[in-house]
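Chain letters run A, B, ... following the sequence lines, proteins first, then strands; residues in each count from 1.
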Amino acid sequence: MSSYTQRYSGPAIAAHWLIAFLILAAFPLGLYMHELPLSPNKLKLYSYHKWIGMTVLLLFVPRLLWRLTHTPPKALPMPAWQHRIAEGTHHLLYLLMFLVPLSGWLMSSAKGFQVVYFGVLPIPDLIGKSEELGDLLKEVHEVLNWVLFGLIGLHVAGALKHHIIDRDSTLRRMLPFGK
Amino acid sequence: MKIRHIALSAAALLLAGAAQSVEFKQVDTARSSLAFSSKQMGVPVPGSFKKFTTQIAFDPAKPTAASTTLEIDLASIDAGSKDANDEVVGKQWFNVKAFPTARFVSSGVKALGGNRYEALGKMTIKGQTRDIVAPFTFKQDGANGVFDGGFVLKRMDFNIGEGPWADVSAVANEIEIKFHVVAAPAAAAKK
Ligand code: HEM
């Protein structure tokens, strides 16, 4: 019983909420900025978007390493199919957490706009400038984002169902400062 | 022995002739280029002008007598992306409808020692004229003369980017200009 109430580790909780917060900032910013007509403001928002996204990519590395070297708390009792969906969602979320910013970085390289982190640290281009590839990667970034959006929706719905309907500690054990 | 001697002196003569008075005048536009780099949010964005004409008269033996003019077809700009190209020909940037060309006219050339020189002159863009100093190097490549140089142009000196674009924290004021000019010696230069 005690293993069911075990909380996530501090680093796992910190990485979870930090990355969640950054993704939920980058996502609406991405949707908003690309509709804007070209202006200094648009250039700024694009840069902020890229910096937030690159931060997600940067944080993803220690997060994945932590996850691979630490066993998360055991799942709470639930039907096997629910457990499979929850686990599958988590794995796909890890994948997209990596692929979404990576596709953005590749797109920037292909479009000929290098990413300069916080306007000071130039990040190498991954591929050379190519208009067709840039347009393709923009589509890829968009589609991956909608997949990520759907997964986050499912993930949040699952967490809330556990919290509100099942009244178990699934959500609480991932919350900071919880008991 | 004799033949070799003759050949050597002929070569020496030729070399001396080359080092003496050759004026480089015929600009090879296909092999010359005019590039620039702007900084957008700290990101260097390369660009270039596809169409420009330039007259040069440069004799390495008499660099101070050199002169040059440059005329840039501003609509031929490639600013890195289609969006940018559409934007920069507009009113707030180059306003190419009213000011289709930019012009540089040299007023003098200084020798800085070695193969380094400095062209001084006046640059006119969008109705504004400013003094420009452009350091460059000269080297001979076969029969041709090759000029490589550049300078930093402050876009706000010429009102390039007005209104919201006057915000130099988005697009930096300093634009790096780089030129590469290949010129052949004047045909049958007799002085
Ligand atoms: C967690 C990371 C990220 C998220 C959640 C995210 C999300 C988004 C979203 C939702 C859009 C709008 C897509 C559309 O409907 O058109 C977008 C656009 C864009 N993203 Fe990201 N992004 C992330 C990372 C990055 C990174 C790291 C870069 C570049 C280094 C980047 C570069 C861009 C660019 C340039 C666009 C605009 C495409 C265009 O309009 O041409 N993104 N992003």
Enclosure of F118(A) CZ (heavy-atom neighbours >12, cutoff 6.0 Å): yes
Hphob cluster co-occupancy, M33(A) + V171(B), side-chain heavy atoms under 4.5 angstrom: yes
Y94(A), OH: over 12 other non-hydrogen atoms inside 6.0 angstrom: yes
Interface residues of residues 30-50 of chain B facing chain A - heavy atom cut-off under 4.5 Å: Q40(B), M41(B), G42(B), V43(B), P44(B), V45(B)
Atom CD of E176(B) with >12 non-hydrogen neighbours under 6.0 angstrom: no
Within one Ile-Leu-Val-Met-Phe-Trp-Tyr cluster: V27(B) and V182(B), side-chain cutoff 4.5 Å: no
Same apolar cluster: M97(A) and L64(A), side chain cutoff 4.5 Å: yes
Verify same cluster id: V156(A), I85(A) (apolar side-chain graph, 4.5 Å): no
G80(B) backbone acceptor or donor facing K129(A) side chain under 3.5 Å: yes
Atom CD of E174(B): over 12 foreign heavy atoms under 6.0 Å: yes
Residue-level contacts of residues 38-61 of chain A with chain B, using a heavy-atom cutoff under 4.5 Å: L38(A), S39(A), P40(A), L43(A), K44(A), S47(A), Y48(A), W51(A)
Within 6.0 Å of NE2 in H180(B), more than 12 heavy atoms from elsewhere: yes
